[in-house]
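Protein chains get the first letters and strands the later ones, always in sequence-line order, with residue 1 at the start of each.
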Protein chains: 2
Amino acid sequence: MFSIGELSKRTKVKVPTIRYYEEMGLLAEAERTRGNQRRYDKAGLERLSFIRHARDLGFSIEAISSLIELQDHPDRSCSAASKIASSHLADVRDKIKRLKLLEKELSRISSGCDGNGLSENCYVLASLADHDLCSIEH
Amino acid sequence: MFSIGELSKRTKVKVPTIRYYEEMGLLAEAERTRGNQRRYDKAGLERLSFIRHARDLGFSIEAISSLIELQDHPDRSCSAASKIASSHLADVRDKIKRLKLLEKELSRISSGCDGNGLSENCYVLASLADHDLCSIEH
DNA sequence: TGTAATGTCTCTAGTAACTAGAGGTTCAAG
DNA sequence: CTTGAACCTCTAGTTACTAGAGACATTACA
C-alpha cells in the first residue's frame, strides 16, 4: 500500500489529476487510512497506468471509461473497444489532415513577411484581412 | 447599418460568438439602437472577417488581439505580427508531428483487433494495459 | 515523546473558446 | 396594433485538468 504521492511518482500522473480521475469514476475510490488519506495497491497502479497510457494516446475520459468497463469484463465482446480505437484513429487522421492544410497556408502567409517592414505593408495582416489572398480553402 | 443576425449570416460567425468576441475586446462595442440592439457597419464586418479568418487558421484570441492592435497602427513595425505567425506555424508543425506519432501507434494497435473476439483477448485493451506492447515512445 | 517538515485533505475557482438555455424586450411586417 | 422572429443579459455547461487556500496527517529526527 502506498500513498497518492508515491502513485504519482510511479505513474508520472500528478496528484490532483489522480484525484480528478477518481472523481470522474475512472479510478475506483481508494482505501483510506484512519487519517483519511488515500492508499493504493498494485491494482490501483495498473489501472492508473492504463489510463495514463490511453490519455497519452489521446483517448477521451469518456472513451477510457468505456474501455475500462470492457477490461473489467473479459467475457464480453470487444467490438466496442475496437470501435472506440478506430473512431479515435479516424479523428486523429482527420486532425492531421486539417492541420496540414493550416500548415500549408500558414507557411505561405508567414514567409510573405520577414518582420522588417511596417504594419501597413505586412503580408500576414493583409492575408488575414483579405481571404482572397489565400491559396486554399479552409 | 445591420443587425447582429445579419452580420452573423454574412460572416458565418454565430451570434453568441460575436457577442463573445465583443466581450473579449476583439470587436469594438457596437453602436446600439434606442432599444439596445447592436448595429454594425462595414468596418465591423471587416473586422469580424479578419477575426474569423484568423480563427480559422488557428490563431488564439490573444494572438488575434495583438494582430488587430497592429492592424490599427499601420505605422508600427510588423515584427510582432511576423513572430506571432511563425510561432503559431511552429505550434502547428509540432502538433502534426505529435499526431503522426499517435496515428502510427493507434493504427498499429487498432489493426490488432477486429472486434470479433472477447475482451480478454483484445489487442487494443492489452496494448493499453502494457506499455511494452508499444512500438514507439509517446 | 515532541516537533518540524512534508504530504495530504477538501473546496473553490480558473483555463480556452465557445455553446445552450431561461426569461424578458424590441423590431419589422402586415 | 398585433404577432412572430430576432434580440437582450445572465448563468451555467463543455474538456481535462491546474492552482491555491486553509486545515489536518504522517514521517523523520532529536
Side-chain angles (χ1 to χ4, degrees), chain A residues 1-27 29-40 44 47-48 50-68 84 87-88 91-92 95 98-99 102, chain B residues 1-27 29-40 44 47-48 50-68 84 87-88 91-92 95 98-99 102:
Chain A
M1 302 294 278
F2 39 88
S3 71
I4 196 169
E6 181 64 24
L7 182 63
S8 171
K9 243 180 245 159
R10 295 204 203 180
T11 56
K12 276 155 205 160
V13 176
K14 289 176 191 156
V15 168
T17 303
I18 296 175
R19 294 199 192 105
Y20 170 74
Y21 288 159
E22 181 184 306
E23 200 187 321
M24 292 298 102
L26 287 193
L27 284 172
E29 295 204 3
E31 282 180 49
R32 302 285 183 132
T33 62
R34 247 173 305 150
N36 200 34
Q37 298 195 352
R38 290 169 179 83
R39 286 297 112 105
Y40 297 90
R47 167 144 301 181
L48 184 54
F50 181 99
I51 295 168
R52 151 111 225 233
H53 194 180
R55 284 297 299 133
D56 282 351
L57 287 169
F59 287 98
S60 70
I61 298 282
E62 202 193 340
I64 297 173
S65 210
S66 306
L67 291 171
I68 284 175
I84 288 170
S87 115
H88 179 46
D91 281 358
V92 168
K95 251 183 207 156
R98 278 183 293 111
L99 284 173
L102 286 199
Chain B
M1 302 294 277
F2 39 89
S3 69
I4 196 170
E6 183 63 25
L7 182 64
S8 171
K9 245 180 245 158
R10 294 204 202 179
T11 56
K12 274 153 202 161
V13 175
K14 290 180 191 154
V15 168
T17 304
I18 296 174
R19 295 200 192 104
Y20 171 73
Y21 289 158
E22 181 184 305
E23 200 186 320
M24 293 298 101
L26 287 193
L27 284 172
E29 296 205 2
E31 283 180 50
R32 302 286 184 130
T33 63
R34 247 172 306 147
N36 200 35
Q37 299 195 353
R38 291 169 179 83
R39 286 298 113 105
Y40 297 90
R47 167 144 299 181
L48 184 54
F50 181 99
I51 295 168
R52 152 110 225 235
H53 195 179
R55 285 296 299 133
D56 282 351
L57 287 169
F59 287 98
S60 69
I61 298 282
E62 203 192 339
I64 295 173
S65 211
S66 307
L67 291 171
I68 283 176
I84 287 170
S87 115
H88 179 46
D91 282 358
V92 168
K95 251 184 206 154
R98 279 184 291 111
L99 283 174
L102 285 198

Between [atom2] of [N] and [atom1] of [X], the distance in whole Å:
X: Ile4(A); N: dT6(C); atom1: CD1; atom2: C1'; answer: 15 Å
X: Asn36(B); N: dC27(C); atom1: CG; atom2: C1'; answer: 13 Å
X: Met1(A); N: dG7(C); atom1: CE; atom2: P; answer: 20 Å
X: Arg32(B); N: dT25(C); atom1: CZ; atom2: P; answer: 16 Å
X: Tyr20(A); N: dC9(C); atom1: OH; atom2: P; answer: 18 Å
X: Phe2(A); N: dG7(C); atom1: CZ; atom2: P; answer: 17 Å
X: Tyr40(A); N: dG7(C); atom1: OH; atom2: P; answer: 16 Å
X: Glu6(A); N: dT8(C); atom1: CD; atom2: C1'; answer: 14 Å

Side-chain atoms of Gln37(B) come closest, of dC27(C), dT19(C), dC9(C), to dC27(C)
Quick one: does [X]'s side chain get under 4.5 Å of [Y]'s, heavy atoms only?
X: Ile61(A); Y: Arg55(A); answer: yes
X: Gln37(B); Y: Ile4(B); answer: no
X: Ile68(A); Y: Ile51(A); answer: yes
X: Phe2(A); Y: Arg10(A); answer: yes
X: Val13(A); Y: Ser8(A); answer: no

Under-4.0 Å salt bridge between Arg52(B) and Asp56(B):
yes
Distance below 4.0 Å between [X] side-chain N/O and [N] OP1 or OP2:
X: Arg38(A); N: dT10(C); value: yes
X: Thr33(B); N: dT26(C); value: no
X: Lys14(B); N: dC18(C); value: no

Testing the basics here: between Gly44(A) and Leu27(A), what is the closest heavy-atom pair and its distance to 0.1 Å?
O-CD2, 4.3 Å
Can you tell me how far the CD atom of Glu22(B) sits from the CG atom of Leu26(B), to the nearest 0.5 Å?
10.5 Å
About how many Å separate CD1 of Ile64(B) and NE2 of His88(B), when rounded to the nearest 0.5 Å?
9.0 Å
Which is the 5'-most and which the 3'-most nucleotide of DNA chain D that has an atom under 4.0 Å from a heavy atom of chain B?
dC7(D) to dT9(D)
Of Arg39(A) and Thr17(A), whose closest DNA chain D nucleotide lies nearer the 5' terminus?
Thr17(A)
So if I take the C1' atoms of five pairs at each end of the helix from dT1(C)-dA30(D) to dG30(C)-dC1(D) and get each local axis, what angle do the two axes make, rounded to 10 degrees?
10°
For Arg19(B), which contact category applies under a 4.0 Å heavy-atom criterion: base, sugar-phosphate, or nothing?
base
Give Phe59(A) one of three labels, base, sugar-phosphate or nothing, depending on what nucleic acid heavy atoms sit under 4.0 Å from its own.
nothing
Please say whether more than 12 non-hydrogen atoms of neighbouring residues, nucleotides or ligands are located less than 6.0 Å from CD in Glu31(B).
no
